[in-house]
Amino acid sequence: MKRLDWFIARRYLASRRKGRFVSLITLISVGGVFVGVAALIIVIAVMTGLQHDLQAKIIGMNPHVYVFQQGRGFRMPEWRPVLEAARRAPGVVVAEPFIMTQVAVMVPGTEYAQAGMLYGVDPRPRGDALTTVQRQIATGELEFGPTSTGYPPLLMGRRLAEKLSVYPGDTIQIVSLENVNTGGGGEVIPVIRPFEVTDRFTTGMYEYDSNFMYAAMEPVQDLLHLGDGVGAIGVNVADPWRAQETAQWLQNELRFPYYTNDWVQLNSSLFSALKLEKIVMSVILFLIVVVAAFNIISTLIMVVADKTRE
């Protein structure tokens, strides 16, 4: 019976005489469906993988939830009660203070300056670290001092270091763009502090590698004249996809003048663009599969018309 089935299938798929053209059309149609379905699966898989990779990198470089205080700039003088409230929130794994500020980076002896984002963090956090870079600092994967010059240590993104031609052991000057003084004649006098680059990090995302820098909390507080204040509270939760619930809980608990943001909300435009692109690509590839399916239908009609007599 198996040989008879194979014989009949082979006979009607590959006709020996006048049906050779129909058989060729059949093979082309089947091949079109194969290519269309394969392209659909591959593109969706690639887009999904890209989205997951971006999410992993964003989560690794940013806290899941931010707690800010309304006012001029990112300043939080009375941050300890806020930190305790954040640590009590449901689902919270770790909560730590940090400072985030825009600065200019200058290399002594040159006239070139590059803007960047400087983070002041605790190199020895209590429990788990907020970000991948802080975890690498705590485990010793990234060198964070002591320095040979006695200046505060600083970690710099690899692309930013390449722009400035800076290597571990070099001294740079950090110019505060938020904390400036004025002279007797009204001239602006920026606050400048020296740092020593101890290591360079790579995240795989251009925005982070070309802008981010990390230093200990105390030197950044001195740069901004914050005293004992910090910029914000960063919170990590057990399930990053439920960060919005934790942010809402903290908002209800802390109230004015504090407000919260979660990582999904801050990167919503990026994820919306990726989702839209994925949907459009899926629709286009689905239409390719539909066209190939119509080819198979037309081929079957031709085969039936050709084999009616038999």
Side-chain angles (χ1 to χ4, degrees), residues 34-68 86 89-96 98 100 116-117 119 121 125 127-139 141-142 155-160 162 199-214 232-251 260-290:
F34 172 79
V35 173
V37 173
L40 178 63
I41 294 173
I42 292 172
V43 170
I44 292 178
V46 170
M47 293 297 298
T48 302
L50 174 62
Q51 186 173 354
H52 288 172
D53 182 62
L54 286 175
Q55 290 170 355
K57 290 179 179 178
I58 291 173
I59 291 174
M61 291 300 296
N62 297 276
H64 302 162
V65 178
Y66 293 87
V67 181
F68 299 108
V92 169
V93 176
V94 60
E96 294 290 340
F98 70 95
M100 177 174 58
M117 183 70 72
Y119 285 85
V121 298
D128 195 11
L130 280 176
T131 65
T132 302
V133 172
Q134 289 178 257
R135 187 176 300 111
Q136 292 174 340
I137 293 173
T139 58
E141 296 180 46
L142 292 174
L155 295 176
M156 184 177 290
R158 181 171 296 274
R159 291 185 179 271
L160 178 59
E162 290 174 351
D199 208 342
R200 305 187 297 182
F201 62 87
T202 303
T203 65
M205 293 191 69
Y206 180 81
E207 180 182 358
Y208 298 152
D209 293 342
S210 61
N211 287 285
F212 283 14
M213 295 171 288
Y214 289 85
I233 302 296
V235 180
N236 280 1
V237 295
D239 184 2
W241 294 105
R242 305 191 67 176
Q244 190 172 8
E245 299 177 10
T246 303
Q248 186 60 48
W249 187 93
L250 287 171
Q251 183 66 64
T260 60
N261 278 323
D262 60 271
W263 70 276
V264 177
Q265 181 181 0
L266 293 175
N267 298 277
S268 58
S269 58
L270 173 62
F271 292 137
S272 297
L274 289 174
K275 184 177 180 180
L276 178 61
E277 184 178 359
K278 184 178 178 180
I279 293 174
V280 172
M281 292 298 296
S282 300
V283 171
I284 294 174
L285 293 171
F286 175 74
L287 293 177
I288 294 175
V289 175
V290 171

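Here, residue 1 is the first one in the sequence, and each next residue gets the next number.
- Distance alone, capped at 3.5 Å, is enough to place a donor-acceptor pair between the Thr132 side chain and the Gly60 backbone.
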For this session: In sequence, state the C-alpha distance, the side-chain angles, and the governing distance for Asp262 and Gln248, and then conclude on side-chain contact (heavy atoms from CB on, under 4.5 Å).
Result: CA-CA 9 Å; Asp262 60 271; Gln248 186 60 48; over 6 Å; no
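- Every side chain to side chain contact (heavy atoms under 4.5 Å, CB included) that Val46 has, sequence neighbours left out, goes to Ile42.
- In Gln244, the CD atom is not crowded: 12 or fewer heavy atoms of neighbouring residues, nucleotides or ligands sit closer than 6.0 Å.
- Taken to the nearest 0.5 Å, the CG atom of Asp128 stands 9.5 Å off from the CD atom of Glu96.
- Residue Pro63 comes nearest to Trp263 through the heavy atom pair O-CB, 4.0 Å, listed as atom of the first residue, atom of the second, then distance.
- In this structure, CG in Leu250 is found 12.0 Å from CG in Asn261, a value given to the nearest 0.5 Å.
- Here the shortest heavy-atom pairing between Ile59 and His64 reads CG2-NE2, 3.2 Å.
- In terms of heavy atoms, Ala89 sits closest to Thr246 at CB-CG2, 4.2 Å.
- A side-chain donor-acceptor contact under 3.5 Å links Gln251 to the backbone of Thr260.
- No donor-acceptor pair under 3.5 Å is formed between the side chain of Trp249 and the backbone N or O of Pro90.
- To the nearest 0.5 Å, the span separating CD1 on Ile44 from CD1 on Ile279 amounts to 10.5 Å.
- Here Ser210 contributes atom OG and Met117 contributes atom CE; the two are 11.5 Å apart, rounded to the nearest 0.5 Å.
- In this structure, Glu207 places its CD atom where only 12 or fewer heavy-atom neighbours from other residues, nucleotides or ligands lie under 6.0 Å away.
- The residues Asp209 and Arg200 are annotated as not salt-bridged, no charged nitrogen and carboxylate oxygen being separated by less than 4.0 angstrom.
- Side-chain contact between Met61 and Val133 is present, with heavy atoms from C-beta onward closer than 4.5 Å.
- Every residue two or more places apart in sequence or in another chain that forms a ring pair (Phe, Tyr, Trp, His ring centres under 6.0 Å) with Tyr208 is listed here: Phe212.
- Within the model, atoms CG of Asn211 and OH of Tyr119 stand 9.5 Å from one another, a figure rounded to the nearest 0.5 Å.
- Taking each heavy atom of Tyr66 and Asn62 in turn, the nearest pair found is OH-OD1, 3.0 Å.
- Here the shortest heavy-atom pairing between Ala129 and Arg135 reads CB-N, 3.5 Å.
- The side chain to side chain contact (heavy atoms under 4.5 Å, CB included) search around Met47 returns Val43, Glu277, Lys278, not counting sequence neighbours.
- Formation of a donor-acceptor pair under 3.5 Å by the Ser268 side chain with backbone atoms of Gln265 is found in this model.
- The two residues Val235 and Ala95 have their closest heavy-atom pair at CG2-CB, 4.1 Å.
- Between atom CG of residue Asp199 and atom CZ of residue Arg158 there is a gap of 8.0 Å, rounded to the nearest 0.5 Å.
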